[in-house]
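Below is one structure, written out as structure tokens; comments come after it.
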Amino acid sequence: MNESRSIRVIIADDQELVRAGFAMVIGSQPDMEVVGQASDGAQAVALAESLHPDVVLMDVRMPGMDGIEATSRITSLSAAPGDATVSAESADDRPTRVIILTTFDLDEYVMAAINAGASGFLLKDTEPETLLNSIRTVFQGNAIIAPSATKRLIEKMMQDGYAQHGSLTGDVAHSGAVYGSAVGVSGGAAGNGAGSMTGIPSPAGAASDGSNTSRPAYTDPELDLLTDREREVLVEIAHGLSNQEIADKLFISLPTVKTHVAHILAKINARDRVQAVVFAYDNGLV
């Protein structure tokens, strides 16, 4: 992927002033361009299908088709090779990624956005610089989620017993969100992971050292593919640590952590860190 080209963005929001504000912020950046604007979900899907943007900023509450349904449809689309509106660098099978933007920091929206395949969830009062960094992070193949939503998302996972029963494996495990601070976004294998999550609750049965003393009866066979060090790194990912924090804690270099993260994601067939977190919970590592 050639990242020297502009990041092509579509803004979907039913309020014209909101769209104009986001367009002004994005348009001020030399590495980004707004290629389309939509006032409802259906229009956003149509634009995404015809323009193949890199990122869509999606409002949740819009008339007609809402942002969650639109996100689900858009994330199922792939860029069409050879399309005249897409540069050669972007004409691959990389799907358009969606960042949900809303004024409502509610559990059901976070879970619905993740289930729909969103790569990010931010509040509309997010600082402009944070928004821009989030767009770049998502474009690079990583994902972000508002820190205020992250802690409660894991709490909800544990309260609902998702991790213990593996029900995330089919839904959330195949979506794209990462546990990390949106201020210093925790990236995937390639990111520096400047941000971190703190205060993540321990699941029932977790020992004081963070290990789960109530291990599931079944574990995924991919777990056996991980080396001892990779398991250590995976546990720290599940605890919400950034790549730099993992490096500091395990006394290894940042490039080594990135290599471990890349190997972990490949071995457990995870697209990003949220899937790695779910895998760790499902298999009793935390």
Side-chain angles (χ1 to χ4, degrees), residues 1-16 18-27 29 31-102 109-122 124 131-132 134-145 170-177 271-272 274-275:
M1 178 176 63
N2 186 345
E3 296 180 9
S4 62
R5 67 178 178 84
S6 294
I7 303 173
R8 307 173 73 254
V9 181
I10 284 177
I11 302 169
D13 194 292
D14 60 336
Q15 298 184 42
E16 185 175 356
V18 172
R19 295 198 307 270
F22 285 137
M24 181 175 65
V25 171
I26 295 169
Q29 301 300 298
D31 61 336
M32 299 181 191
E33 62 175 322
V34 176
V35 297
Q37 297 187 35
S39 58
D40 58 51
Q43 188 178 7
V45 173
L47 286 176
E49 192 168 12
S50 62
L51 298 177
H52 310 297
D54 298 303
V55 178
V56 176
L57 298 183
M58 182 75 71
D59 185 25
V60 170
R61 290 186 172 180
M62 293 184 289
M65 184 187 298
D66 64 22
I68 302 300
E69 175 62 24
T71 295
S72 179
R73 298 192 184 192
I74 289 173
T75 55
S76 68
L77 301 174
S78 296
D83 190 289
T85 63
V86 186
S87 66
E89 294 90 339
S90 65
D92 54 25
D93 60 358
R94 184 178 67 253
T96 295
R97 296 182 179 271
V98 178
I99 297 177
I100 294 290
L101 287 170
T102 180
Y109 290 138
V110 180
M111 293 301 297
I114 291 175
N115 282 323
S119 291
F121 182 97
L122 296 174
K124 285 185 178 179
L131 173 64
L132 296 172
S134 297
I135 292 173
R136 294 184 181 102
T137 296
V138 167
F139 173 67
Q140 292 167 357
N142 301 315
I144 49 87
I145 192 166
D171 295 320
V172 179
H174 293 288
S175 65
R271 191 178 80 180
D272 50 42
V274 72
Q275 295 182 24

Inset, instruction - Quick one: list whatever passes side-chain contact (heavy atoms from CB on, under 4.5 Å) with Met65, sequence neighbours left out. - result: Ala42, Val45, Glu69, Ala70, Arg73
Legend entry - Side chain Thr75, main chain Ala116, donor-acceptor under 3.5 Å: yes
Inset, instruction - Would you indicate whether the side-chain heavy atoms of Asp14 and Asp40 approach each other to under 4.5 Å? - result: no
Legend entry - Spacing of CG belonging to Asp13 relative to CG belonging to Leu101, to within rounding of 0.5 Å: 8.0 Å
Legend entry - Gap between atom CG of Leu122 and atom OG of Ser134 - 0.5 Å precision: 4.5 Å
Inset, instruction - Can you sort out the partners of Ala23 under side-chain contact (heavy atoms from CB on, under 4.5 Å), two or more places apart, ordered by chain and number? - result: Ile11, Val34, Gln37
Inset, instruction - Would you confirm whether Arg97, through its side chain, and Phe139, through its main-chain N or O, come within 3.5 Å as a donor-acceptor pair? - result: no
Legend entry - Minimum heavy-atom distance between Val35 and Pro53, given as atom pair plus value: CG2-CB, 4.3 Å
Legend entry - Test item: Asp54 side-chain N/O and Arg8 main-chain N/O as donor-acceptor pair under 3.5 Å: yes
Inset, instruction - Please examine the side chains of Leu57 and Ile26, heavy atoms only from C-beta on, and report whether any two atoms are closer than 4.5 Å. - result: yes
Inset, instruction - Mind checking the CZ-CD spacing from Arg61 to Gln15? Nearest 0.5 Å is all I need. - result: 12.0 Å
Inset, instruction - Could I get the full list of side-chain contact (heavy atoms from CB on, under 4.5 Å) partners for Gln29, not counting sequence neighbours? - result: Asp31, Met32, Leu132, Arg136
Inset, instruction - Report yes if the side chains of Ile100 and Thr71 come closer than 4.5 Å at any heavy-atom pair, otherwise no. - result: yes
Legend entry - Exercise: identify the closest heavy-atom pair between Asp66 and Val60: CB-O, 3.4 Å
Legend entry - Set of side-chain contact (heavy atoms from CB on, under 4.5 Å) partners for Ser39, sequence neighbours left out: Arg19, Gln43
Legend entry - Value rounded to 0.5 Å, distance of CD1 in Ile74 from NE2 in His52: 12.5 Å
Legend entry - Working for side chain to side chain contact (heavy atoms under 4.5 Å, CB included), residues Val9 and Ile135: CA-CA 9 Å; Val9 181; Ile135 292 173; 4.2 Å; yes
